[in-house]
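Note sheet for the following structure.
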Protein chains: 2
Amino acid sequence: MVLPNMAKKKVVAADKTTEEKIKEAARTVFMKKGYAATRTRDIAEEAGLNLALLNYYFRSKEKLFEIVMMEKMQKLFGIIAPILNDNTTTLEKKAELAADTYIHMLSENPDLPIFVLSEIRNNPERFASKVQAGKLIQDSHFVKQIKEKRPDMNPLHFMTSFLALIVFPFIAKPVLQDAANLSPKAFNAMMEERKALIPLWFKALMKAK
Amino acid sequence: MVLPNMAKKKVVAADKTTEEKIKEAARTVFMKKGYAATRTRDIAEEAGLNLALLNYYFRSKEKLFEIVMMEKMQKLFGIIAPILNDNTTTLEKKAELAADTYIHMLSENPDLPIFVLSEIRNNPERFASKVQAGKLIQDSHFVKQIKEKRPDMNPLHFMTSFLALIVFPFIAKPVLQDAANLSPKAFNAMMEERKALIPLWFKALMKAK
DNA sequence: CAAAAAATTAATCATTTGATTAAATCTTTT
DNA sequence: AAAAGATTTAATCAAATGATTAATTTTTTG
């Protein structure tokens with residue numbers, strides 16, 4: 001087999017390369033159905049391309065998935081790192097910025113957390129290790145500030161609760177929408193409200209004894 | 001095809017019926033791998049039974065899955081209903097009892113939330129509607145008490161946050177354990193601590209303005 | 001006990017699925 | 001413009017998979 005000539009990939013703004021079309025389709029389909037339920041034919045169809053091109057460009061379904069998965073993990077875990085690691089901001093400010101940034105991103109990618117977390121669960125040995133979350137949870141400036149304010153507690157409790165308040169609504173979205181008869185618009189409106197509420201709650205949480 | 005004689009199912013305590021063996025194996029395998037990644041052969045092997053028995057007793061993989069899924073949804077959503085609907089307890093007491101009961105159950109079934117929520121996401125039209133969570137979220141005594149204490153806010157915010165604090169750690173378990181270098185024992189110890197912390201936090205959350 | 005019914009098994013089917021191949025088309029280089 | 005190289009296509013393969021069948025064994029019933 002002749003591998004595709006990557007050097008030629010001078011992307012003309014107008015139309016995407018075949019490789020990129022496949023990746024985009026893969027993102028869409030993997031995201032929607034998960035790895036196991038996705039057929040390579042689904043991806044080819046979504047991309048409007050011949051099935052064989054998938055193997056021509058990416059060798060296998062698994063290799064293609066790994067690329068998509070790494071992107072998604074980066075998106076899910078990478079976005080708050082710079083905020084929580086900023087040495088120049090207060091704890092309160094970090095909570096505000098992180099809630100705002102994260103909820104904004106998740107509103108545009110509501111399926112991201114459930115996708116990543118369930119694929120990690122289906123293959124923990126493969127993916128859990130590649131999560132950069134470790135640094136965040138162990139030696140971020142955010143954690144340092146939590147320790148200072150509450151030296152009596154395991155800071156992981158607060159980190160977990162903070163993320164829970166932000167991320168959980170998106171994971172439970174189908175259930176919440178169904179149970180509360182929420183339109184997608186109403187759901188998004190609530191998430192907007194939480195951008196301001198969560199920092200407030202986090203502060204209250206940190207004080208509570 | 002002759003359907004199995006259900007009338008004969010007088011379960012002798014000692015050994016389980018074939019039907020129950022299949023169901024148990026199905027619970028185990030579906031739970032571990034999800035619907036799409038599960039092979040009927042995996043279930044038959046897990047049960048130590050001939051593959052054809054699966055179709056003999058349950059007609060199809062999908063029918064068997066539906067039974068397991070309903071059980072799991074009942075377990076996930078059913079357990080707090082009586083607590084949150086008890087007209088005789090205070091809001092604080094409900095928070096205590098619900099946190100304790102739910103964390104206790106989830107510690108023994110840590111994969112339950114991610115399993116149910118991701119299968120609902122893969123088939124929302126089919127399952128989301130069958131969730132009994134609607135009543136809880138709309139007209140439980142718990143929600144009524146929240147409304148009384150905070151008439152200025154959408155009670156769904158507090159309900160969501162309360163559930164988030166309880167359930168999210170189990171959903172994020174693989175990531176948290178990996179990122180914080182937690183042993184399974186240490187994880188469980190933290191969840192034990194949260195039984196007392198969450199009611200405290202919930203109270204603080206309710207007050208925060 | 002013997003006939004009938006139920007449960008179990010091994011073998012097989014028809015589809016689906018990830019992947020490959022060889023030929024055809026398009027693009028770049030010489 | 002010919003040759004070489006890259007990309008795309010239709011056809012096909014082998015393995016996996018959900019399901020069925022027909023025969024066999026076990027259990028229940030009269």
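Note: hydrogens, waters and symmetry copies are ignored here, and every other heavy atom, side chains too, is used. As the structure is a computational prediction, the values presented were derived from the model and not from experiment. All chains are named by letter (A, B, ...) in the order of the sequence lines, taking the proteins before the strands, and each is independently numbered beginning at 1.
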Distance in angstrom units between [X] [atom1] and [N] [atom2], rounded:
| X | N | atom1 | atom2 | answer |
| --- | --- | --- | --- | --- |
| N55(B) | dT17(D) | CG | C1' | 11 Å |
| R59(A) | dT7(D) | CZ | P | 14 Å |
| I22(B) | dA19(D) | CD1 | P | 13 Å |
| Y56(B) | dT27(D) | OH | C1' | 11 Å |
| L53(A) | dT21(C) | CG | P | 16 Å |
| K33(B) | dA16(D) | NZ | C1' | 13 Å |
| K63(A) | dG18(C) | NZ | C1' | 13 Å |
| F58(A) | dG18(C) | CZ | P | 16 Å |

Closest nucleotide of DNA chain D for N50(A) versus for K61(B): which of these residues is on the 5' side?
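Residue closer to the 5' terminus by nearest nucleotide: N50(A).
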In terms of side-chain heavy atoms of A52(A), which of dA10(D), dA7(C), dT9(C) is nearest?
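Selected nucleotide (nearest to the side chain): dA10(D).
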Taking the side chain of L51(B) as heavy atoms from C-beta outward, which of dA19(D), dA19(C), dT8(D) is closest to it?
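Selected nucleotide: dA19(D).
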Those residues that, when tested against D139(B), pass side-chain contact (heavy atoms from CB on, under 4.5 Å) (two or more places apart):
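Result, side-chain contact (heavy atoms from CB on, under 4.5 Å) vs D139(B): K135(B).
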Please enumerate all residues that pass side-chain contact (heavy atoms from CB on, under 4.5 Å) together with A25(B), with sequence neighbours excluded.
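A25(B) satisfies side-chain contact (heavy atoms from CB on, under 4.5 Å) with I43(B), E46(B), A47(B) only.
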Among V116(A), V68(A), L112(A), which residue satisfies the side chain to side chain contact (heavy atoms under 4.5 Å, CB included) criterion with M73(A)?
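Exactly one pass, corresponding to V116(A).
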Is any side-chain N or O of T18(A) closer than 4.0 Å to OP1 or OP2 of dT7(D)?
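For dT7(D), OP1/OP2 do not have a side-chain N/O of T18(A) under 4.0 Å.
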Touch class at under 4.0 angstrom, heavy-atom based, for L54(A) against every strand present:
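Nothing, no heavy atom under 4.0 Å.
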Can you give me every donor-acceptor pair (side chain of residues 74-81 of chain A, partner residue at least two apart or in another chain, under 3.5 Å) with its distance?
unit_1, atom_1, unit_2, atom_2, d
Q74(A), OE1, Q132(A), NE2, 2.6

Can you list, pair by pair, the side-chain donor-acceptor contacts under 3.5 Å of residues 156-171 of chain B, counting residues two or more places apart and other chains?
unit_1, atom_1, unit_2, atom_2, d
H157(B), ND1, R194(A), NH1, 3.2
H157(B), NE2, E193(A), OE1, 2.6
T160(B), OG1, L156(B), O, 2.6
S161(B), OG, R194(A), NH1, 3.3
S161(B), OG, R194(A), NH2, 2.8
S161(B), OG, H157(B), O, 2.9

Qualifying side-chain hydrogen bond (donor to acceptor under 3.5 Å, both in side chains) pairs with a residue from residues 93-105 of chain B, counting only residues at least two apart or across chains:
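Pairs touching residues 93-105 of chain B that pass the test: T89(B)-K94(B), K94(B)-H141(B), K94(B)-Q145(B).
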Return whichever of Y35(A) or G48(B) has its heavy-atom-nearest nucleotide of DNA chain C closer to the 5' end.
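Taking each residue's closest nucleotide, the earlier one in sequence belongs to G48(B).
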What are the residues of residues 38-47 of chain A, sorted by number, that bring a heavy atom to within less than 4.0 Å of DNA chain C?
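Within residues 38-47 of chain A, the residues near DNA chain C are T38(A), R39(A), T40(A), R41(A).
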For this output row, return yes or no: ring centroids of F142(A) and F202(A) closer than 6.0 angstrom.
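Yes, the ring centres sit under 6.0 Å apart.
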